[in-house]
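These notes are about the structure you will find just below.
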There are 2 protein chains.
Amino acid sequence: MTVMGTARPAGRPRSERAEKAIVDATLDLIGEGTSVSELSIESVAARAGVGKTTIYRRWANKEELVGDALATLKAPLPEIEGRTVREDLIAYLDVMRQDSLTVRTRCIMNIAMSEPERHPRLYERFQRTAIEPRRAAMRAVLERGVATGELRPDLDVEMAIGMLTGTMLWYTKGAAHGLLPGGVVPADLAPRIVDEALRGFRPS
Amino acid sequence: MTVMGTARPAGRPRSERAEKAIVDATLDLIGEGTSVSELSIESVAARAGVGKTTIYRRWANKEELVGDALATLKAPLPEIEGRTVREDLIAYLDVMRQDSLTVRTRCIMNIAMSEPERHPRLYERFQRTAIEPRRAAMRAVLERGVATGELRPDLDVEMAIGMLTGTMLWYTKGAAHGLLPGGVVPADLAPRIVDEALRGFRPS
DNA sequence: ATCATACGATACGGTTGCGTTGCGAAACTC
DNA sequence: GAGTTTCGCAACGCAACCGTATCGTATGAT
């Protein structure tokens with residue numbers, strides 16, 4: 001008899017190795033610039049060294065596979081709790097900058113962000129698991145700054161988030177495609193953005 | 001004999017009506033959310049009420065067709081030359097906000113901006129004809145402000161552009177997909193962004 | 001009238017990917 | 001060992017779309 005209360009179903013158990021290979025292959029292909037619509041189950045199977053059957057046994061369609069794959073990238077969300085608001089904001093923005101340096105992260109971001117109308121549930125899910133936590137963390141830092149008097153009491157926190165994040169995104173997006181003078185995101189971009197923004201965020 | 005120096009080639013001339021119908025159909029389909037990779041010549045032909053031959057006679061491939069189609073949307077770039085820097089910036093940002101309200105413009109922007117790695121020439125072309133002129137206009141306003149003393153002499157103009165534009169894009173992108181509290185871009189967003197940003201741009 | 005070209009329509013062979021099925025081997029329970 | 005399920009693999013019929021070719025017709029110049 002089985003020790004576990006929930007009896008393991010008879011037969012050969014599903015291979016965790018195969019499952020991981022499938023998810024990895026999916027992320028790899030997306031990371032190489034394949035859009036969701038271009039991504040084919042066959043290419044995933046080939047890349048993963050797996051039969052199509054093994055994929056269809058676990059996921060009903062492409063969208064669910066991609067959804068699960070992207071969900072495994074739960075933002076590590078570095079535990080930042082520095083001293084000043086400035087330092088914390090710089091730390092968060094610099095995570096974005098570093099992320100933008102890896103092609104894989106950039107492509108995945110691109111996919112997850114750029115096709116919301118075509119894959120609304122996918123977009124929503126990624127937003128919830130990856131974006132919103134980071135936004136909340138930044139919001140907490142800003143609200144703490146307002147509470148301590150480091151920032152203006154009437155600061156529009158949501159807009160402040162938008163200014164910081166939007167500016168960094170503008171740069172990373174532009175630099176990735178040769179719009180910036182140097183063609184690369186400057187290493188000191190995070191502190192520059194934060195310092196420029198804080199100039200208006202501080203009490204007058 | 002022909003009056004014109006450049007003799008018109010013999011035979012039936014190409015139909016301008018067909019050409020316009022093809023370009024319109026292309027823009028319509030893209031505006032409805034079809035990505036460039038998903039867009040098929042056959043669907044364009046069907047939508048335009050035109051034979052595939054008529055398309056292939058003018059464009060060698062999909063990319064050139066899309067390129068020409070997008071190029072017909074040469075940004076009108078409103079002639080703004082208000083009085084204060086604040087008013088001019090608000091006017092420019094509000095153009096962005098209004099653009100984001102139409103589904104068609106939003107989809108086209110999405111396509112043109114989101115697939116640079118897959119269609120680099122397309123992206124570069126759209127960037128040159130549509131984005132860069134607007135950026136230059138905003139840069140001129142900011143530099144004028146620096147010259148008149150309305151803005152800080154040491155203002156990083158490029159970053160200022162990034163902050164203004166990036167913040168607006170952040171909002172329009174977020175609002176389009178239900179991330180914002182109200183789900184819509186506030187009508188007074190442009191002045192709010194500009195006022196928040198100018199707080200740091202002005203001389204201290 | 002004649003000639004040249006473009007027109008829309010239709011069909012073609014070729015490619016890609018879909019989602020399904022059948023196969024023999026492997027893995028695990030009882 | 002018997003029974004069950006998953007494995008990778010190959011093949012299937014189906015659909016979409018590619019780019020080309022071939023129709024008969026339409027539209028112009030000479």
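The figures here come from the full heavy-atom set of this structure, side chains too, leaving out hydrogens, waters and symmetry mates. Letters A, B, ... mirror the listed sequences (proteins, then strands); counts begin at 1. Just so we're clear, the structure is a prediction, and the values are computed from it rather than from any experiment.
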Is there side-chain contact between A:Leu70 and A:Leu27, with heavy atoms separated by less than 4.5 Å? yes
May I ask you to verify if any side-chain N or O of B:Thr54 is less than 4.0 angstrom from the OP1 or OP2 atom of C:dG8? yes
In whole angstrom, give the distance that lies between atom CD of B:Glu38 and atom C1' of D:dC17. 13 Å
Charged N to carboxylate O under 4.0 angstrom, B:Arg83 versus B:Asp88? no
For residues 193-202 of chain B, which residue pairs qualify under salt bridge (charged side-chain N to carboxylate O under 4.0 Å, His left out), counting only residues two or more places apart or in two chains? A:Arg152-B:Glu196, B:Arg86-B:Asp195
B:Glu19 CD to C:dG8 C1', in whole Å, measures 16 Å
Measure the distance from CZ on A:Arg57 to P on D:dT4 and round it to the nearest whole Å. 17 Å
Atom CH2 of B:Trp59 and atom C1' of D:dC18 are separated, to the nearest Å, by 18 Å
Less than 4.0 Å between a side-chain N and a carboxylate O, is that true for A:Glu16 and A:Lys20? no
Provide, to the nearest angstrom, the distance between the CG atom belonging to B:Leu39 and the C1' atom belonging to D:dG19. 16 Å
Partners meeting side chain to side chain donor-acceptor pair (under 3.5 Å) with A:Arg139 (sequence neighbours left out): A:Glu158
Electrostatic pair A:Asp99-A:Arg134, nearest N-O below 4.0 angstrom: yes
Gap between atoms CZ and P, on B:Arg14 and C:dG8 respectively (whole Å): 12 Å
If you restrict it to nitrogen or oxygen atoms, what contacts under 3.5 Å exist between nucleotides 12-15 of chain C and the protein, and what is each distance?
none

With a 4.5 Å limit on heavy-atom distance, are the side chains of B:Asp94 and B:Leu189 in contact? no
Not counting sequence neighbours, which residues clear side chain to side chain donor-acceptor pair (under 3.5 Å) with B:Arg14? List them please. none
Let me have a per-nucleotide readout for nucleotides 22-27 of chain D, 5' to 3', with B, S or -, counting only protein heavy atoms under 4.0 Å. ----BB
Rounded off to whole Å, could you give me the OH-to-P distance for the B:Tyr56 and C:dA9 pair? 16 Å
Summary of salt bridge (charged side-chain N to carboxylate O under 4.0 Å, His left out) pairs that have at least one residue in residues 61-70 of chain A, sequence neighbours excluded: A:Asp68-A:Arg125
Spacing of B:Ile55 atom CD1 relative to C:dA6 atom P, expressed in whole Å: 16 Å
